[in-house]
Amino acid sequence: MDIAKKILKVNVNGRPYELLIKPKTTLLQFLRNDLGLTGAKQACMDNSCGACTVIVDKMAVKACSVLALQVNGREVMTVEGLASRDGKLHPLQQAFLDYHAFQCGFCTPGKLMSSKAMLDENPHPNEEEIRRDMEGNLCRCTGYTQYIEAIKAVAQKKEVAK
Amino acid sequence: MRDFEYLPTKTVKEACALISQYKEEGKILAGGQSLITLLRQKLISPSYLIDIKGVTELDYLTFDEKKGLRMGALTTHRAIEKSPLIQSKYPVLSEMEKSVASVQTRNWGTIGGNLCSGDPIGDPAPSLIALNGKIKIVSSREEKIVPLAEFFTDYFTTILEPDEILTEIQLTPPVPHAGVVYMKFSTIEAGIKIVSTSTCIILESDKMTCRDARIVMSAVAPVPLIAKKAGELLIGKKINDDLIAEAAQLASGETNPTSDVHGSAEFRREIAKVLVRRAVKEAFEKAKRT
Amino acid sequence: MTEYSVVGKPLPRVDGIAKLTGQAKYTTDIVLPNMVYGKLLRSPLPHAKIVSIDISKAEKLAGVEAVITGKDTWGIRYGFVDTPTYPAEERPLAEDKVRFVGEAVAAVAAVDPDIAEDALDLIEVEYDPLPAVFDPEEAMKDGAPQIHGEITRTTSCAWEDWGVARKSHSYTPINNVAGRVLISYGDIEKGFAEADHIREDRFWSPATSHMAMEPHTIVASYDPFTGRLEVWLNHMAYELKRYWLHKTLGIPIQKIRVHQTYIGGAFGGKAVIFDFEVLAGFISRKLGKPVKIELTREEVFSSCRNSIRFDTTLKTGVKKDGTIVAQHVKVIVDAGAYKGSAAVAMFLSHQFSEPCFNRRNVRHEGVGVYTNKNFGFAKRGHGAPQNRFAVDSQIDMICEDLGLDPVEVILKNLRKKGDILPNGDKLESYGLPKCVQLVADAIDWKQKRGKQRDKNRGVGIGINGMFSGSGYWPFACAAIVRLNHDGTITLMEGDCEFGQGADTTYSQIAAEELGLPLEDVNLISGDSELCPMNYSNFLSGGMFVGGGAVWYAAHDLRQKILKVGSELLKVKMEDLDLKNRTVFIKAKPEKSLTFGEILRYNVQKHLGDPLIGMGYKKAVPEIEFYPSLSKGTGRFTDAYGLAAATAEVEVDRETGRTKVLKICIADDCGYEINPASIYGQMVSQAVMGMGDALLEEVIDEGGRVINPNLVDYEIPRAFDVPEIVILNGCDYEPKGPFGGKEAGECARAAVIPAIANAIYDAVGVRVHRVPITPEKLLNALKVREGKK
């Protein structure tokens, strides 16, 4: 079957894009292959590991399990859009750095995006809420502890600020 | 993944027209949280994918003291989990939703899509059945209301005809002296459910006698399993620990599990017994308090 | 103790910015112009003759550039073990027959991955099924299906290439025996005769997945005009991959370059050469184009190495007070279709035991057996987790028999600092007694052991030892430190960064030695063209060998700077020190020269010498670098890492589900170069060990893996992680860089028996097969209650 490509209009990390893509392109493939944003990773292929997590309209989603055309007209944020343009790390990135919250780093972009979406929705989660909300992000290196601590630190700082 | 035509829709009418045009060649895409994996694994390869995620008219949660709850099929799991309305009127749904896959999946995946996937380890179906849920099915031909309990026919199979769309879930208003409990058993906290149950116990005004009981389980049969005999045993009787144990034993006997990597059929039956006993007891205690 | 300013500090990782901003490049992120995508067709049968393969339809599919089968790669052999006695028998594509489900039978390259996948569906393979055998004991019986005929090599074997004089000869397995080890010392009969109490028990450990988050991937790019092969791949020491690419493809080794990439976790699972890696190089050369092959998660489970299946029968004799007087270990390893590292694991399970208990009279026999299943390799501790589960479980049982306390019995049987092991390795650093004490106290052993069964709670303990690199060819590593114009340095060292923190800790070592802040170290790592020889990144040789080489290289440069400083400042070298890119007189710090001045002066004055430091290190100094694995003789390592763990659990008696409440680990890694990195390694092992104890098993049915995905193969997630306490049990290692040695592998094996023993303490029931799943534990509880 000869399938026509379709136009995808989407805003990624604050910039508008308009591209022709095959309908079967997943959001992850679009970001990695068409835009060269390779921070989000494919690790499981069946929606179970969270390494491909990006934010769509303020929600963390697994980019491997969303068709690119489904985000038409929406706003997507990837790990590449997290730090400010002048190179200042996002507080979560800084905390991950300070707390040694990553090792191999392969799944780290996914964890950053999950935790960003979580804190944007609920700035002061307790530890149980953090652990529950991070269930979708598998990790084999860290044993989770250091990055839960990092997220907690950011959550607590926000509390102090208020 | 094989190629397909992608057909985004904005209205139920539009979606119905397309699916009645393509029938078996077409497939409805809602959140796609299981569908995309099936496409990638080539377990299904439709020629036309009709995307209804953009049908905003199916994304709603409303409540009426007389009619009860109306939930659009495109309501996301996360919306159900976080809804103050659900939390106050049907807290068990919110509790159950916390255990559905991961936040990412709950953010994008929809309740309608979940039910239509017909996965017997899914948790929403048993909970909604325990709450006596009904669903609205729409096609270009007709519109009908069906008890959710009658929706599932086999593994990954439902009564849905190739041209039909599930559009709404309906729940009756909460009744007094009712306790509903969701309980799961998995090896790891967010793991595959080896067994889960949603159990509803409604008491007479004496707060002792069981007026109605619905014990529904996942992962122990090809479809969400309603433990009818166990429920019948309880109805009309004063509830006590011995009766609960007897009901749990009956419920376990009603299951028809298979063995897989997560547990043997025998183990699942054993766990079903334990879970149902614990769930009925907790539901009973809850019912007494309301 | 000396005050350090860079080592010993939990400094942020130098790979942090790249990894946290999504800029870190992994192999999957590498895209080259004109690149094609490879996919492998894999056998659906466990044992079958290949009658024919028809690739004509696949070749005709638009977009397909190459289809190859075993006919194209006939005779190519490789394997982790390739010795004169046991020549390598792995091959990139099956030739006359397939030996396990998942073995590659054909490979396709196409312009996009989907076309390559479609092409696989068009390849028609006719198989003639053969009887298969899945159980090692069945496989050893007369009349069992024979999985291999004569194993022979058409080229020299690896050991010949590496300087062992003996020539390889062919090997024909009899009754599927893939290899044996027999290690003994003392007098085992006499030992048992002296024992007051003897127990014999049997324990099983399954295959588990390393489950590194990054699935195995390679990009191979062959240039037909220069004959050079450039690769980006997942590895744990590029020399090993480079050697085998050279060997299998016949490309001169100096024409193969392994490029630096970050590696998304390894745990042993990426050290060896794989079928798809050889094939990527093969197809790239055939096409003159870059080829990328990314494995699916299912392929990682079914066709890459998992950990090794152990069946251990353990007979131990003790005196009344628990003193071990004899131990007889019988191991059957279910090797799978190729031998992988079966023999090595059988040996290591012995040798990692040696620094733990003084067992006095020992016999350790192992047999590795071919079966029609996927085969195994090292996973974080290589043989130790399997062995410690058996040994420390049995110690617990012996203590129960004799009414003794396991902590006391463990302490009584430990080796002593300064002990020389039967093979000659010396325990110059030995923090294990301290570790045992620390974890016992941290779990509140005295208050809790045996006292919480009414609450279905219990505590347990386990220990372990691990090499800091070993005498495998030649297990050595070199490093270069250049002094730059601005006084910063550039460190060139080959270890790859797969999460363990090598980039950071090595940079810390170089910085400390030269009095520089960490940010003054420019690092070039993991590139075979830019870095000197590297062979230290597995068997936990990273810090001790790789880090040691860095230390020596930095020291070499330090001496050179001091010498020039002494010449210019007219004082003795020992009166000088280095700090912040300057050399200064200790007594008069204002009298100083910048490194830039030192460099400029030296270039002018000394024939253009720009001051380059060089260092190298070998895990064992002895010239004899081929100790006998099968006899357990010869030196293996200069330093052992050591660890002890305790765990507290609560069991749901009605469901058999175990909840781990707390894990304590005390580790002796000599010295913590970066305490935050060490902490991360320990927590990682606590959680991985918990997965081993309770959850993880690659399950097969008729040789087919039935849980080859992350839905059905469950690993601990964020919510499952208990309270974890990490304690410092370090004993300064005189031969290590700043006293450092192994850290990344040892503790995992201690956690497994700690949890198993805690479960026993909680409910009085012992499961002899890990993982101790709810179903197994519930069945065991029922058996005990007489309900089954």
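Numbers restart at 1 for each chain; the letters A, B, ... are given by sequence-line order, proteins then strands.
Contact tally against chain A (heavy-atom pairs below 4.5 Å) for C:Ile17, C:Val300, C:Val687, C:Leu20: the top residue is C:Leu20. Between chain C and the residues A:Gly39, A:Cys104, A:Cys139, A:Gly36, the most heavy-atom pairs under 4.5 angstrom are made by A:Cys104. Interface remark: of the candidates A:Met134, A:Lys24, A:Glu128, A:Lys41, A:Lys41 forms the most heavy-atom pairs closer than 4.5 Å to chain C. When each of C:Thr28, C:Asn709, C:Val711 is checked for heavy-atom pairs under 4.5 Å with chain A, C:Thr28 comes out on top.
There is no contact between A:Lys111 and chain C, counting heavy-atom distances below 4.5 Å. Neither the backbone nor the side chain of C:Thr504 has a heavy atom closer than 4.5 Å to any heavy atom of chain A. Looking at A:Thr142, only its backbone comes within 4.5 Å of chain C, counting heavy atoms on both sides. Using a 4.5 Å cut-off between heavy atoms, A:Leu89 touches chain C through its side chain atoms alone. Only the backbone of C:Ala24 comes within less than 4.5 Å of a heavy atom of chain A; no side-chain atom from C-beta onward does. Heavy atoms of A:Gln146 lying under 4.5 Å from chain C belong exclusively to its side chain. For C:Thr217, no part lies under 4.5 angstrom from a heavy atom of chain A. Only the backbone of C:Phe498 comes within contact range of chain A, with heavy atoms under 4.5 Å apart. Proximity to chain A (any heavy atom under 4.5 Å) is restricted, for C:Ile263, to the backbone atoms N, CA, C and O. Using a 4.5 Å cut-off between heavy atoms, A:Glu127 makes no contact with chain C at all. Looking at C:Gln23, the atoms closer than 4.5 Å to chain A (heavy atoms on both sides) all sit in the side chain, from C-beta outward.
No salt bridge links C:Lys39 with C:Asp121; every basic N to acidic carboxylate O contact stays at or beyond 4.0 Å. Salt bridge absent: C:Lys25 and C:Glu214 never bring a charged side-chain N and a carboxylate O closer than 4.0 Å.
Between the C:Gln260 side chain and the C:Cys496 main chain, no donor and acceptor come within less than 3.5 Å of each other. Between the side chain of A:Glu121 and the backbone N or O of A:Met118 there is no donor-acceptor pair closer than 3.5 Å. A donor-acceptor pair under 3.5 Å is formed between the side chain of C:Glu497 and the backbone N or O of C:Gly501.
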I would like to know whether C:Asn674 and C:Thr505 meet side-chain hydrogen bond (donor to acceptor under 3.5 Å, both in side chains); could you show each step before the answer?
CA-CA 6 Å; C:Asn674 186 317; C:Thr505 49; over 6 Å; no

Check the pair C:Phe301 / C:Tyr713 against ring-ring contact (aromatic ring centres under 6.0 Å, His included), numbers first and verdict last.
CA-CA 10 Å; C:Phe301 275 100; C:Tyr713 184 96; 5.0 Å; yes

Step by step, work out the side-chain hydrogen bond (donor to acceptor under 3.5 Å, both in side chains) result for A:Gln29 and A:Asp34.
CA-CA 7 Å; A:Gln29 289 169 329; A:Asp34 295 280; over 6 Å; no

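With A:Leu82 as reference, A:Leu112 is the one residue of A:Leu112, A:Asn13, A:Ile55 to meet the side chain to side chain contact (heavy atoms under 4.5 Å, CB included) rule.
Close placement of the A:Phe106 and C:Tyr26 rings is indicated, their centers lying within 6.0 Å of each other.
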